[in-house]
Number of protein chains: 2
Amino acid sequence: MSSRLKDVAALAGVSTRTVSNVVSGSASVAEETRVRVQAALDELGYRPNVAARNLRAGRTGLIGLAIPELYSPYFGELASLIVEAAQQRAWTVVIDQTSGDPDAERRLLEGTGGRLVDGLIISPWALGPEELTGRPRHVPVVLLGERRPHGLADRVAVDNVLAADEATTHLLASGRRRIAAIGPQPHLRNETAAQRLEGYRNALRRAGLHPDPALEQPVTALHRADGAEAMTALLDAGIRPDAVFAFTDELALGAMHVARRRGVRVPHEMAFAGFDDIEDGRYANPPLTSVVPDKRQIAERSLQCLADRIYSPASAVPPLDVVIPHQLAVRASSGWTDS
Amino acid sequence: MSSRLKDVAALAGVSTRTVSNVVSGSASVAEETRVRVQAALDELGYRPNVAARNLRAGRTGLIGLAIPELYSPYFGELASLIVEAAQQRAWTVVIDQTSGDPDAERRLLEGTGGRLVDGLIISPWALGPEELTGRPRHVPVVLLGERRPHGLADRVAVDNVLAADEATTHLLASGRRRIAAIGPQPHLRNETAAQRLEGYRNALRRAGLHPDPALEQPVTALHRADGAEAMTALLDAGIRPDAVFAFTDELALGAMHVARRRGVRVPHEMAFAGFDDIEDGRYANPPLTSVVPDKRQIAERSLQCLADRIYSPASAVPPLDVVIPHQLAVRASSGWTDS
DNA sequence: CTGAAAGCGCTAACAA
DNA sequence: TTGTTAGCGCTTTCAG
């Protein structure tokens with residue numbers, strides 16, 4: 001079995017107190033004692049028991065990251081950055097996949113099943129504002145990508161309306177007039193898609209165009225397959241846009257894939273712009289124009305929010321609304337150079 | 001502050017023992033008592049303290065997943081499947097990114113910093129066989145993708161030599177003769193790349209060809225950028241293969257990207273095959289031929305190994321060597337149909 | 001500088 | 001069926 005502080009103390013002929021001091025390096029220990037204890041530590045291969053420490057400290061050093069899915073490029077990248085940033089703060093990340101399941105999201109927010117994490121970063125898909133607001137929290141929560149600070153939790157997100165507007169405006173600037181929007185999700189309570197749709201429509205109106213419902217193609221999920229399906233639906237309905245703004249890069253890549261298979265020349269006959277700036281987009285044929293959220297900042301600001309809440313008297317600060325900067329990366333999919 | 005078992009007991013007028021029984025549902029409790037306790041539980045919004053439970057149980061219910069990076073499509077997908085499979089076993093996954101750093105891998109294996117997880121699944125990059133073997137483990141370990149069972153830990157992997165052989169043989173079957181290999185990593189102790197190289201060479205020799213060192217293009221990492229760099233190096237050196245076997249799909253996609261940019265027609269003039277079957281490959285232009293490891297099985301068998309070690313008297317069973325099945329998905333990048 | 005001991009919240013062996 | 005209580009391994013207050 002694993003050795004405990006007590007065993008080390010016995011071997012070194014000191015009290016557990018002293019061993020603890022040596023291990024943590026907190027209080028000062030006489031050099032001679034330190035050496036003797038260290039020898040015992042090494043001999044027994046002592047490893048502190050984290051559960052006991054946690055119980056004592058009232059903290060676990062764990063933070064939860066709840067995302068719909070880990071396998072999509074966007075969330076994979078984001079999770080990677082969060083894990084990395086958490087390591088720097090000596091936090092460990094436990095990951096939950098909600099699959100956009102409202103029950104799963106609810107369970108995590110309520111902390112049913114026990115107080116395991118010191119804080120939670122959640123990217124809600126299924127839950128709407130009132131559910132996110134309504135319930136009492138047991139740990140600090142950071143909401144990723146929701147619209148406004150809901151009064152009980154900090155929020156970190158890009159300005160989706162503005163970013164979508166800019167992407168659409170960029171397409172308009174190259175003379176496109178029939179711009180499709182792939183990505184509305186009227187069936188979900190989550191507001192991200194609604195915001196991007198709003199930005200898209202704003203841009204059209206500002207250019208003197210009327211948003212055409214036939215050009216707004218809803219999707220059930222946000223992957224390549226859904227984008228492919230949406231483009232197929234458009235083309236099969238005889239609708240032939242001259243540009244596409246997709247609400248995620250994955251959707252854009254799926255749609256572009258189908259368009260090219262159907263003989264549409266990209267970008268000559270159809271330009272594409274996406275959202276998220278995933279790596280695949282940069283290496284696609286042609287490379288995909290995309291809204292670039294500063295993901296590293298999303299990760300770091302989220303952790304900063306948690307840290308502030310965890311280490312400071314609760315409810316001292318009102319809920320924060322952190323807006324993350326973004327850019328538009330213009331690539332060949334919306335230029336005039338073919339791949 | 002959060003309420004404890006003791007508070008609930010006081011409110012319900014019973015002992016903590018009874019409350020504990022109600023919470024866990026383990027022992028039988030008189031219906032009347034149960035109702036009263038449940039009411040107190042609800043009123044106080046009781047949430048069990050996981051740290052205390054863990055300390056008591058001697059287990060944390062956590063398993064570690066140590067991978068070089070979470071943001072790459074392959075590891076993202078794998079991590080997703082492992083998290084999912086772990087949830088079914090009521091385990092929570094904590095993720096560590098090693099970045100292929102030998103110290104990080106060593107630290108995790110040794111459990112320096114404390115006994116946090118009940119088991120560890122690690123995909124070693126930097127550490128060689130002897131280091132993986134040498135040290136005593138404090139928790140059960142599953143090695144992902146190493147060559148042979150090293151005597152102290154279970155191993156789960158596809159047959160890399162065979163799979164690489166099959167992919168290369170497929171390229172040979174369509175008449176290709178100058179097949180480049182992109183992906184050797186002579187600087188790493190990790191054996192995966194070496195095994196794929198071995199399979200590639202085996203296939204060539206069986207076809208009566210001599211492996212040509214000029215066609216073997218090493219890489220420093222396994223991403224699109226490295227594949228792009230490798231292809232650039234080949235073309236700049238005046239080497240023009242008629243096919244490429246890349247050791248990962250990402251390398252293949254990067255290489256294919258550059259080839260197309262340089263005006264090479266794919267697959268007519270240059271066929272491509274990769275390894276891992278990531279989603280981007282399936283939606284690439286043209287779709288990428290790839291070795292398809294059964295990732296779900298990798299996840300499930302890994303967890304099965306851990307479960308066996310954790311729940312059974314240690315060292316009862318000798319280290320397992322689990323070989324995961326794979327297939328070759330032939331797509332347009334190695335056919336004769338252009339995108 | 002070091003030892004003794006309390007107690008973090010929970011479960012389960014032992015009693016009643 | 002339920003109460004009492006001894007720890008799980010650690011940190012830290014209080015003495016010395």
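Note on naming: letters A, B, ... go to the chains in the order of the sequence lines (proteins, then strands), and numbering restarts at 1 for each one.
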Value in whole Å for how far the [atom2] atom of [N] lies from [atom1] of [X]:
{"X": "B:Leu5", "N": "C:dG7", "atom1": "CG", "atom2": "P", "answer": "18 Å"}
{"X": "A:Glu32", "N": "C:dC1", "atom1": "CD", "atom2": "C1'", "answer": "12 Å"}
{"X": "B:Leu116", "N": "D:dC10", "atom1": "CG", "atom2": "P", "answer": "14 Å"}
{"X": "A:Glu31", "N": "C:dC1", "atom1": "CD", "atom2": "P", "answer": "11 Å"}

A:Thr16 side chain N/O closer than 4.0 Å to the phosphate oxygens (OP1, OP2) of C:dA4?
-> no
Is there a side-chain polar atom (N or O) of B:Ser20 under 4.0 Å from OP1 or OP2 of C:dA12?
-> no
Protein-nucleotides 14-16 of chain C N/O pairs closer than 3.5 Å?
residue, atom, partner, partner atom, Å
C:dC14, N4, B:Arg17, NH1, 3.3

Judged by nearest nucleotide, the residue sitting upstream toward the 5' end of DNA chain D, A:Asn21 or B:Ala57, is B:Ala57
List in chain and number order the residues that pass side chain to side chain contact (heavy atoms under 4.5 Å, CB included) with A:Gln97, two or more places apart in sequence or in another chain; answer none if no residue qualifies.
-> A:Glu69, A:Leu70, A:Tyr71, B:Ser80, B:Val83, B:Glu84
State which residues pass side chain to side chain contact (heavy atoms under 4.5 Å, CB included) with B:Ser24; sequence neighbours excluded, sorted by chain then number.
->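 For B:Ser24, the residues satisfying side chain to side chain contact (heavy atoms under 4.5 Å, CB included) (neighbours in sequence not counted) are B:Ser26.
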Sequence neighbours left out, what passes salt bridge (charged side-chain N to carboxylate O under 4.0 Å, His left out) with A:Asp294? Give chain and number order.
->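 Not a single residue meets the salt bridge (charged side-chain N to carboxylate O under 4.0 Å, His left out) criterion with A:Asp294.
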The side-chain hydrogen bond (donor to acceptor under 3.5 Å, both in side chains) partners of A:Glu31 (sequence neighbours excluded) come to A:Arg34
Output every pair passing ring pair (Phe, Tyr, Trp, His ring centres under 6.0 Å) with a member in residues 90-111 of chain B, not counting sequence neighbours, ordered by first then second residue.
-> none
Select base, sugar-phosphate, or nothing to describe what A:Ser24 touches, counting heavy atoms under 4.0 Å on all strands.
-> nothing
